[in-house]
Amino acid sequence: MQEFFRPLIHSALCSAGITTDKSIQIEQPADKKFGDFSTNIALLAARECKRNPRELAQTIIEHLHFPPDTIAKVEVAGAGFINFYLTPHFIMQSVAQVLLEEDRYGNGSIGQGEKAVVEYVSANPTGPLTIGRGRGGVLGDCIANLFATQGYEVTREYYFNDAGRQMQILGESVRLRYLERCGQVIEFPATHYQGEYIGDIAEEIYRDHGTALAESTEIELFKKRAEEVIFASIRKTLERLSIRHDSFFNEHNLYKPNEEGITANQSVIDALASKGFITEYDGATWFQTTKLGQEKDKVLIKSSGEPSYRLPDIAYHITKFERGFNVIVNVFGADHIDEYPDVLEALKILGYDTTRVKVAINQFVTTTVDGQTLKMSTRKGNADLLDDLIDDVGADATRLFFIMRGKDSHLNFDVELAKKQSKDNPVFYLQYAHARICSLLRVAKLEIGFDPATNTSHHLLQLLGSPAELQLGFALLDYPDMIKTSLRLLEPQKMVEYLHSLAEVFHRFYQECPILKAEPDIASARLFLSLATRQVLRNGFRILGVSAPESM
RNA sequence: GCACCCGUAGCUCAAUUGGAUAGAGCAUCUGACUACGAAUCAGAAGGUUAGAGGUUCGACUCCUCUCGGGUGCACCA
């Protein structure tokens, strides 16, 4: 509806001779008595024009022209709001549009010709996925889905590192467990990976090689095996949640020399040096962030000669620009909050347009079992394994619970609630609405022979006009705007909220309006309205990655 | 000590990013099944938006300070 109103208001401003640099905002008043939509443009422009807002609003209204049978009423209200009331005709027309566009309804074209990369999960293969990672993974997947609806060509990327210190420790951890298995008495350091999976991998190696590897101190084989096994398990877990990636970017690429023998990391150093932001002391190479007002410089190359994580991070982001992405989205957890500002600063210095980079940070997850809040800890046992959670509550509930709160709020995952089969549980409430419509349509086919495959008399929708029907129609019409809002904010939670209210409005309609017992044309019209509702629920579920059961 | 996130109804969370009387769901209370799924719906009650200042036509939202909770703050990633 933004696209409907904005140009019309814009031309009204022009013909009224009003100039303003304020953008035209279309919003939905909280209270329906202020109209279906409203704009505050007169309030915003009043100061520049040095005119009374109400009088300015009146002038704008006089220059507004709408297509026939779309707007029932326009009025000035409050301090200078302009409120619009849609005609029932317009609303029902939009419902027919849903039936026409089917699974494309809600799609847009603002991303046409644009390439977006969404990076998420990006866990190094040092252990099974934790619940915290799961939240980021689902968030990233939904954000990627949102981009895809608007015509963006989306690449879903996973960035990982299988070199580095952590992987060394992983290999060593497995080797020690293996030695244990071979009968040696070892002391297992607290700094090493404690999880049971380490022992499992060691056991496998023991089965394949017996004690043959016990003499050597070489860890390469252990590391490699651990990486393979762990990566496979990570991918399997992701698959259970329908989280996919198109591209796995290994940090190792950034250490490989190009034709001129220069690594990506080195060229970052060179480029930053040429801008005067590189210095050396204490045997290390530093990014002079003190020149940008920070307290300390940041190490790019350690005195050991190895890059610190920041350097490849910068180089990696540069590849995103070089690979031609117009929109670069990074999804990560709150523990990485201090990491990206440096990367952005470096990119800015090197002349990249950092407004293209969007960072979505999700806060942590706690789980509640029997009203008891458990805090997550990566070090200790496996109380926070994502797989265990999926086993417990299922993939749909896992996904929905992860995104049904704003990403900035600390998520309290109520495991008991997620398993409950009643309206308390939002998953069931949403899916029930879908199943109920499916059931209705099955019965409709049997009893009154209604078949949407052959009956395309969508114009019958114009017979509807009761409050419940219009409210439902309006909710359907609102869907495309919801996707855009959700995308702009990188916040799938908006979709959950919207779908919840859609389900609610449908249930009310269902309660108030008899369908199959109505006279035939009304019955068909109400079935079309139900059909359109089911379509929008499905489209929304698809973005969220939640299944749409036909019966429950 | 520094940085970031959060503080809204008894509980879990919203509030269209500065809009009109701060809204939902649980829980509580009152109603609705001889109807297509009651796994539902209608209604009631529930608030000094942690606190104090400030900015303006207008603040839960922006700025400053205080208090509380979370998370980071390595030549780890």
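Order of the sequence lines fixes the chain letters, A, B, ..., with proteins taken first and strands second; residue numbering starts at 1 for each chain. A quick note: this is a predicted structure, and the numbers were derived from the prediction, not measured.
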Legend entry - A:Tyr432 ring over B:G37 six-membered base ring, under 5.5 Å and 30°: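 By the stated criterion, A:Tyr432 and B:G37 do not stack.
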Rounded to whole Å, please give me the gap between [atom1] in [X] and [atom2] in [N].
X: A:Asp408; N: B:G69; atom1: CG; atom2: P; result: 21 Å
X: A:Leu411; N: B:A14; atom1: CG; atom2: P; result: 10 Å
X: A:Leu400; N: B:G25; atom1: CG; atom2: C1'; result: 13 Å
X: A:Leu170; N: B:A77; atom1: CG; atom2: P; result: 15 Å
X: A:Asn412; N: B:U71; atom1: CG; atom2: P; result: 14 Å
X: A:Phe428; N: B:G25; atom1: CZ; atom2: C1'; result: 17 Å
X: A:His410; N: B:C5; atom1: NE2; atom2: C1'; result: 5 Å
X: A:His336; N: B:A77; atom1: NE2; atom2: C1'; result: 7 Å

Applying a 4.0 Å non-hydrogen cut-off, can you work out what [X] is touching in the nucleic acid: base, sugar-phosphate, or nothing?
X: A:Ala46; answer: nothing
X: A:Asn83; answer: base
X: A:Gly406; answer: sugar-phosphate
X: A:Asp313; answer: nothing

Review item, side-chain donor-acceptor pairs of residues 529-538 of chain A, under 3.5 Å, at least two apart:
from, atom 1, to, atom 2, distance (Å)
A:Ser530, OG, A:Arg526, O, 2.8
A:Thr533, OG1, A:Leu529, O, 2.8
A:Gln535, NE2, A:Asn539, OD1, 3.0
A:Arg538, NE, A:His434, NE2, 3.0
A:Arg538, NH2, A:Glu550, OE2, 3.3

[atom1] gap between [N] and [M], integer Å:
N: B:A44; M: B:A39; atom1: C1'; value: 24 Å
N: B:G25; M: B:U48; atom1: C1'; value: 25 Å
N: B:A45; M: B:G10; atom1: P; value: 15 Å
N: B:C2; M: B:A14; atom1: C1'; value: 32 Å
N: B:A35; M: B:U30; atom1: P; value: 24 Å
N: B:C60; M: B:A52; atom1: P; value: 13 Å
N: B:U40; M: B:A3; atom1: P; value: 48 Å
N: B:G72; M: B:U66; atom1: C1'; value: 23 Å

Can you tabulate the close N/O pairs, meaning under 3.5 Å, that link protein atoms to atoms of nucleotides 16-19 of chain B?
from, atom 1, to, atom 2, distance (Å)
B:U16, O2, A:Gln28, N, 3.3
B:U16, N3, A:Gln28, O, 2.5
B:U16, O4, A:Gln28, O, 2.6
B:U16, O4, A:Ala30, N, 3.4
B:G19, N7, A:Asn40, ND2, 2.9

Legend entry - Student check: side-chain heavy atoms of A:Ile26 and A:Met1 closer than 4.5 Å: no
Legend entry - Within-4.5 Å side-chain heavy-atom neighbours: A:Phe428 and A:Asp396: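 In short, these two side chains do not touch, never coming nearer than 4.5 Å.
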Inset, instruction - Indicate yes or no: does A:Lys484 engage A:Glu3 in a salt bridge with an N to O separation below 4.0 Å. - result: yes
Inset, instruction - Identify whether the distance between the nearest side-chain nitrogen and carboxylate oxygen of A:Glu157 and A:Lys320 falls below 4.0 Å. - result: no
Does OP1 or OP2 of [N] have a side-chain N or O of [X] closer than 4.0 Å?
X: A:Lys32; N: B:A20; result: no
X: A:Ser409; N: B:A14; result: yes
X: A:Lys302; N: B:C76; result: yes

Legend entry - Partner set under salt bridge (Lys or Arg N to Asp or Glu O under 4.0 Å) for A:Arg488, not counting sequence neighbours: none
Legend entry - Earlier contact from the 5' end, RNA chain B, for A:Glu295 and A:Asp335: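 Its nearest nucleotide being more 5', the pick is A:Glu295.
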Legend entry - First encountered from the 5' end of RNA chain B, between A:Met552 and A:Lys407: A:Lys407
Legend entry - Anti or syn - B:U30, cut at 90° from 0: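 You should classify B:U30 as anti.
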Going by side-chain contact (heavy atoms from CB on, under 4.5 Å), name the residues that satisfy it together with [X], two or more places apart in sequence or in a different chain.
X: A:Lys296; result: none
X: A:Glu280; result: A:Thr285
X: A:Thr279; result: A:Tyr281, A:Trp286, A:Gln288, A:Asp297
X: A:His410; result: A:Gln363

Inset, instruction - Would you please indicate yes or no on a ring centroid separation below 6.0 angstrom for A:Tyr158 and A:Phe231? - result: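 Yes, the ring of A:Phe231 comes within the 6.0 Å limit of the ring of A:Tyr158, centre to centre.
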Legend entry - Donor/acceptor link under 3.5 angstrom from A:Ser38 side chain onto base of B:A20: yes
Legend entry - Pair of N/O donor and acceptor under 3.5 Å linking B:A77 base with A:Tyr309 side chain: yes
So if I take every side-chain heavy atom of [X] and compare against [options], which nucleotide ends up nearest?
X: A:Arg405; options: B:G25, B:A14, B:C75; value: B:A14
X: A:Arg508; options: B:C76, B:C41, B:G72; value: B:C41
X: A:Arg165; options: B:C75, B:A77, B:C76; value: B:C76

Name every donor-acceptor pair, under 3.5 Å, that has one atom in a side chain of residues 495-512 of chain A and the other anywhere in the protein, sequence neighbours excluded.
from, atom 1, to, atom 2, distance (Å)
A:Glu497, OE2, A:Gln493, NE2, 3.3
A:Tyr498, OH, A:Ala475, O, 2.6
A:Ser501, OG, A:Tyr498, O, 2.9
A:His507, ND1, A:Arg436, NH1, 2.9
A:Arg508, NH1, A:Gln471, OE1, 2.9

Inset, instruction - Apply side chain to side chain donor-acceptor pair (under 3.5 Å) to A:Thr191 and list each qualifying residue two or more places apart in sequence or on a separate chain. - result: none
Legend entry - Secondary structure string for RNA chain B (Watson-Crick or G-U under 3.5 angstrom, | for other-strand pairs): (((((((..((((.....[...)))).(((((.......))))).....(((((..]....))))))))))))....
Legend entry - Side chain A:Arg54, main chain A:Ala42, donor-acceptor under 3.5 Å: no
Legend entry - Contacts of A:Phe450 that satisfy ring pair (Phe, Tyr, Trp, His ring centres under 6.0 Å) - sequence neighbours left out: A:Phe528
Atom pairs under 3.5 Å, N or O on each side, protein against nucleotides 32-36 of chain B: can you list them with distances?
from, atom 1, to, atom 2, distance (Å)
B:A35, O2', A:Lys517, NZ, 3.3
B:C36, O2, A:Leu516, N, 3.0
B:C36, N3, A:Ile515, N, 3.3
B:C36, N4, A:Tyr510, O, 3.0

